[in-house]
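Right, one structure below, let's go through it.
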Amino acid sequence: MNLQGRNQKQREFFNSKIDTYDDDHSEFMKTKEAITENLEENVERILDLGAGTGLELISLFEKYPNVKVTVIDISENMLEKLKTRSFADQVTIICGDFFETDFGKDYDAVISTSALHHFKQVEKAILYKKIFDCLKEDGYFINCDRIALTDEFQEAQLYLLENEIDKHKHIDTPITLGNELYLLKETGFKLITLNDVDKEEYKLIKAMKPRRG
Ligand SMILES: C[S@@+](CC[C@H](N)C(=O)[O-])C[C@H]1O[C@@H](n2cnc3c(N)ncnc32)[C@H](O)[C@@H]1O
């Protein structure tokens with residue numbers, strides 16, 4: 001199945017999860033609040049990739065009530081829930097696939113939680129270039145997401161994605177921390193910092209787009 005087909009499968013999966021998603025993710029709230037804790041105080045414009053129902057935006061708008069946020073997400077049902085949040089009128093909502101949607105430009109920060117571990121490494125490289133290009137100079141990308149704790153786990157999940165996708169509703173394909181850092185450096189990001197969150201298989205990675213010259 002190609003990337004477009006897999007992304008539509010993700011859309012169907014998250015559309016079907018809407019009734020239980022927020023409850024299922026209540027144990028992951030620290031991984032979402034960690035985004036707010038790592039924003040710079042002067043942040044004004046943010047792009048949130050895969051915001052879903054907007055759980056990471058709850059603490060974000062509490063701390064930064066005047067911030068402007070654009071979200072891109074492929075699941076219309078997840079976004080319908082986001083539209084019911086108190087801060088929804090400050091959010092520009094785009095329902096679309098990361099790989100087919102224009103990200104806009106000049107963001108202070110691109111954020112993402114639990115949304116980018118569904119792609120192959122080569123696909124992530126394309127996404128990280130789009131993220132880099134839509135940031136201002138000195139802007140930063142904060143991703144709090146699942147990582148593979150071993151090379152073997154990364155390879156095993158990739159095998160499932162490439163060979164057994166029809167047997168599964170959903171396959172996570174996290175890559176190792178080493179591969180994440182390699183991709184970010186190859187893209188041009190600098191000042192890459194890491195934070196542990198309360199889940200062993202999660203890391204918060206913050207990476208800056210440097211000034212030219
Ligand atoms: C696990 S949810 C995370 C939602 C939210 N960030 C959170 O932490 O609760 C992953 C989200 O990414 C979205 N997503 C997955 N693949 C996508 C793609 N190719 N383009 C746009 N959104 C995508 C899904 O629709 C879903 O809402």
Side-chain angles (χ1 to χ4, degrees), residues 1-39 46-62 69-85 87-88 91-104 109-131 134 141-147 157 161 165 168-175 195 197-199 201-205:
M1 189 182 288
N2 66 17
L3 175 62
Q4 196 180 33
R6 284 192 277 116
N7 289 340
Q8 285 306 320
K9 197 172 158 96
Q10 291 284 351
R11 173 179 161 235
E12 284 159 23
F13 175 78
F14 283 105
N15 274 344
S16 74
K17 284 278 152 197
I18 188 59
D19 290 340
T20 56
Y21 182 85
D22 282 7
D23 286 344
D24 292 347
H25 269 246
S26 57
E27 66 160 307
F28 291 95
M29 284 312 287
K30 282 203 164 57
T31 68
K32 305 174 198 302
E33 290 158 5
I35 296 279
T36 302
E37 290 156 18
N38 282 276
L39 286 167
I46 296 175
L47 174 65
D48 185 348
L49 295 177
T53 65
L55 289 177
E56 63 270 22
L57 298 178
I58 297 172
S59 61
L60 191 149
F61 275 107
E62 272 167 20
V69 178
T70 298
V71 310
I72 300 175
D73 198 291
I74 201 166
S75 162
E76 58 272 32
N77 290 0
M78 296 286 270
L79 292 173
E80 282 305 317
K81 172 76 188 187
L82 191 154
K83 286 179 193 166
T84 68
R85 306 259 185 223
F87 47 75
V91 182
T92 302
I93 294 175
I94 301 172
C95 186
D97 182 342
F98 302 141
F99 293 87
E100 296 171 10
T101 305
D102 183 0
F103 282 5
V110 176
I111 63 171
S112 189
T113 63
S114 298
L116 305 183
H117 58 264
H118 304 118
F119 309 114
K120 298 182 190 180
Q121 192 162 325
V122 287
E123 295 160 352
K124 269 195 152 173
I126 296 167
L127 216 45
Y128 285 6
K129 172 80 169 71
K130 280 185 82 169
I131 293 168
C134 79
F141 170 39
I142 305 177
N143 187 20
C144 192
D145 201 7
R146 192 167 170 201
I147 53 157
Q157 293 301 104
L161 188 82
I165 191 159
H168 301 265
K169 284 191 179 149
H170 182 80
I171 298 173
D172 284 351
T173 50
I175 62 174
N195 277 295
V197 281
D198 66 332
K199 303 266 173 211
E201 72 278 21
Y202 267 68
K203 279 273 182 277
L204 182 140
I205 307 179

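One is the number of the first residue; the rest follow in order along the sequence. Counting convention: from 1, in listed order, for ligands and their atoms alike.
Gln157 places a side-chain N or O within 3.5 Å of a backbone atom of Asp172 that can act as its donor or acceptor partner. Remark: side-chain polar atoms of Asp73 are not paired, donor with acceptor, to backbone N or O of Leu79 under 3.5 angstrom. A donor-acceptor contact shorter than 3.5 Å links the side chain of Lys9 to the backbone of His168.
In this structure, Phe87 and Phe61 have parallel ring planes: the angle between them is below the 30° cut-off, well short of the 60° mark.
Look at Lys30 and Glu33 and you find no salt bridge, because none of the NZ, NE, NH1 or NH2 atoms lies under 4.0 Å from a carboxylate O.
Considering backbone and side-chain N/O of Glu56, one or more are found under 3.5 Å from N/O of ligand 1. When only interatomic distances are considered, the shortest N/O to N/O separation between Gly50 and ligand 1 falls below 3.5 Å. At least one N/O-N/O distance between Thr113 and ligand 1 falls below 3.5 Å.
Close contacts between ligand 1 and Gly96 involve ligand atoms 20 (N), 21 (C) [criterion: under 4.0 Å to a heavy atom]. Against a heavy-atom cut-off of under 4.0 Å, Asn7 is close to the following atoms of ligand 1: 19 (N). Under a 4.0 Å criterion applied to the non-hydrogen atoms of Phe119, ligand 1 contributes the atoms 19 (N). Heavy-atom contacts of Ala51 reach the following atoms of ligand 1: 4 (C), 5 (C), 6 (N) (cutoff under 4.0 Å). Near Met78, with a cut-off below 4.0 Å to any heavy atom, the atoms of ligand 1 are 27 (O). Atoms of ligand 1 lying under 4.0 Å from any heavy atom of Ser75, numbered from 1 in the order shown and given with element: 25 (O).
In this structure, atom 14 (N) of ligand 1 lies nearest to the protein heavy atom Ile74 CG2, 4.0 Å. Nearest protein heavy-atom neighbour of atom 19 (N) of ligand 1: Asp97 OD1, 3.1 Å. The single protein non-hydrogen atom nearest to atom 15 (C) of ligand 1 is His118 ND1, 4.2 Å, given as residue, atom name and distance. The nearest protein atom to atom 18 (C) of ligand 1, hydrogens excluded, is given as Phe98 CD1, 3.4 Å; this is a heavy-atom distance. Ser114 O, 3.2 Å is the protein heavy atom nearest to atom 1 (C) of ligand 1. Taking atom 13 (C) of ligand 1 as the reference point, the nearest protein heavy-atom neighbour is Asp73 OD2, 3.4 Å. Scanning the protein for heavy atoms near atom 3 (C) of ligand 1, the closest one is Tyr21 OH, 3.1 Å.
Remark: Ile35 CD1 to Asn143 CG distance equals 7.0 Å, nearest 0.5 Å.
Tested against Arg11, the residues Asn77, Ile74, Asp97 include a single side chain to side chain contact (heavy atoms under 4.5 Å, CB included) partner, Ile74.
Dense packing is recorded around CD of Glu76, with more than 12 heavy atoms of other residues, nucleotides or ligands lying under 6.0 Å away.
If you check the side chains of His170 and Lys17, you find no donor sitting under 3.5 Å from an acceptor.
With a 4.5 Å cut-off on side-chain heavy atoms, Tyr21 and Leu55 count as touching.
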